[in-house]
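Just below is one structure, and these are the notes that go with it.
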Protein chains: 2
Amino acid sequence: MQKPEIVFSNFLRTKGLKLTSPRKIILEAVFTTHEHFNVDAMYDLIRQTHSNVSRATIYRTMPLLVEAGLIKQSVRCQSKDYYEHTYGHSNHLHLICKVCGEIIEADCKEVEKAIEKIALKYNFKSTEFDLSARGICSACSEQE
Amino acid sequence: MQKPEIVFSNFLRTKGLKLTSPRKIILEAVFTTHEHFNVDAMYDLIRQTHSNVSRATIYRTMPLLVEAGLIKQSVRCQSKDYYEHTYGHSNHLHLICKVCGEIIEADCKEVEKAIEKIALKYNFKSTEFDLSARGICSACSEQE
DNA sequence: GTCAATGCAAAGACTTTGCAATCTA
DNA sequence: TAGATTGCAAAGTCTTTGCATTGAC
């Protein structure tokens, strides 16, 4: 499997776009993050080591990463758009807390199996999954 | 099954809240809409017959309808939050064909069970599910 | 050197909130 | 009548955009 940098740089070249320093920095930050992330978190992370990447550039880069197949738009939570890796990552089940907004990413092999079973009935070949459950996390339900 | 109006009015009463005229109008509009909807669409729809319901009130009523279990937050699309009915609609697994766009709505009891099993590990109490799988439907895979 | 990309700040879009007036129970 | 609710407008939050400058190829 190719490195994300290679995928991105190829993508940019075929579109006649340029692999700039901010784009490299953003890509690196995105792929050192293991959770789903939003623009603000990216901005803070990048700021820890680089002082010269603006929010605007991050906002402008996200759609490119999506189009390149490296990330995808994930849930929206508390008015913020979240992203997550798709490149090199297996599917996750998102457990979203309605109270505090926490998002737990859980392994979903068993859920996928259950879906495959259903898909079989319809002769449907599934490739990607979007799975989320909303509810209340343990911390929040203890506080009630 | 009780009418949404009854459910809402009971919900409000148990919370010590009041069933006001704007809330009745909003509820009615929400349940005459069959598609997913957003606040703006609701506002326009209501304006066709009532001139005295503000956007602010719609924004304030949506969370109540969610809490009452009548609607749920759905996808976010083009920076707008969408809602959809849940009352009277059981959860579905959506099998979405990437080729022809067909959406198969399948029963997902088994998938929910699998999710509950995972949620249990995290002490997460799930209440709503958003489940979709993208792939290729039988008709489209035959044509390849 | 050319043209895309950046940073900044301003603008935009959607949503939330403070407050005085109003209405439900 | 008490206290919740409303409409309005102002404020907030996230995201997008115009423009002069900078930088990649």
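We name chains A, B, ... by the order of the sequence lines, and we start the count at 1 in each one.
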Among dT15(D), dT17(C), dT6(C), which is the nearest nucleotide to the side chain of Arg60(B)? dT17(C)

Given dT16(D), dT6(C), dC8(D), which nucleotide is nearest the side-chain atoms of Tyr59(A)?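 Selected nucleotide (nearest to the side chain): dT16(D).
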
Take the protein atom [atom1] of [X] and the nucleotide atom [atom2] of [N], then report the distance between them rounded to whole Å.
X: Ile26(A); N: dT6(C); atom1: CD1; atom2: C1'; answer: 10 Å
X: Asp81(B); N: dT15(D); atom1: CG; atom2: P; answer: 11 Å
X: Asn52(B); N: dT6(D); atom1: CG; atom2: P; answer: 11 Å
X: Ile46(A); N: dT6(C); atom1: CD1; atom2: P; answer: 11 Å
X: Lys15(B); N: dG3(D); atom1: NZ; atom2: C1'; answer: 17 Å
X: Tyr82(B); N: dC14(C); atom1: OH; atom2: P; answer: 9 Å
X: Arg13(B); N: dA25(C); atom1: CZ; atom2: C1'; answer: 11 Å
X: Asp40(A); N: dT16(D); atom1: CG; atom2: P; answer: 13 Å

Can a salt bridge be assigned to the pair Lys121(B) and Asp107(A) using a cut-off of 4.0 Å between side-chain N and carboxylate O?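 Asp107(A) and Lys121(B): not salt-bridged.
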
Charged N to carboxylate O below 4.0 Å: is that the case for Glu5(A) and Lys24(A)? no

Would you check if Phe129(A) and Ile115(A) make a side-chain contact, meaning some heavy-atom pair closer than 4.5 Å?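 Sidechains of Ile115(A) and Phe129(A): in contact.
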
Please state whether the rings of Tyr87(B) and Phe31(B) are parallel, tilted or perpendicular, taking 30° and 60° as the class boundaries.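 Aromatic pair Tyr87(B)/Phe31(B) classed perpendicular.
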
Tyr59(A)-Arg55(A) side chain donor-acceptor pair, cut-off 3.5 Å: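 Judged by distance alone, the side chains do not pair up.
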
Any residue of residues 17-25 of chain B with a heavy atom less than 4.0 Å from an atom of DNA chain D: Leu17(B), Lys18(B), Thr20(B), Pro22(B), Arg23(B)

Should we say atom CD of Glu28(B) is surrounded by more than 12 heavy atoms from elsewhere, each under 6.0 Å from it? no

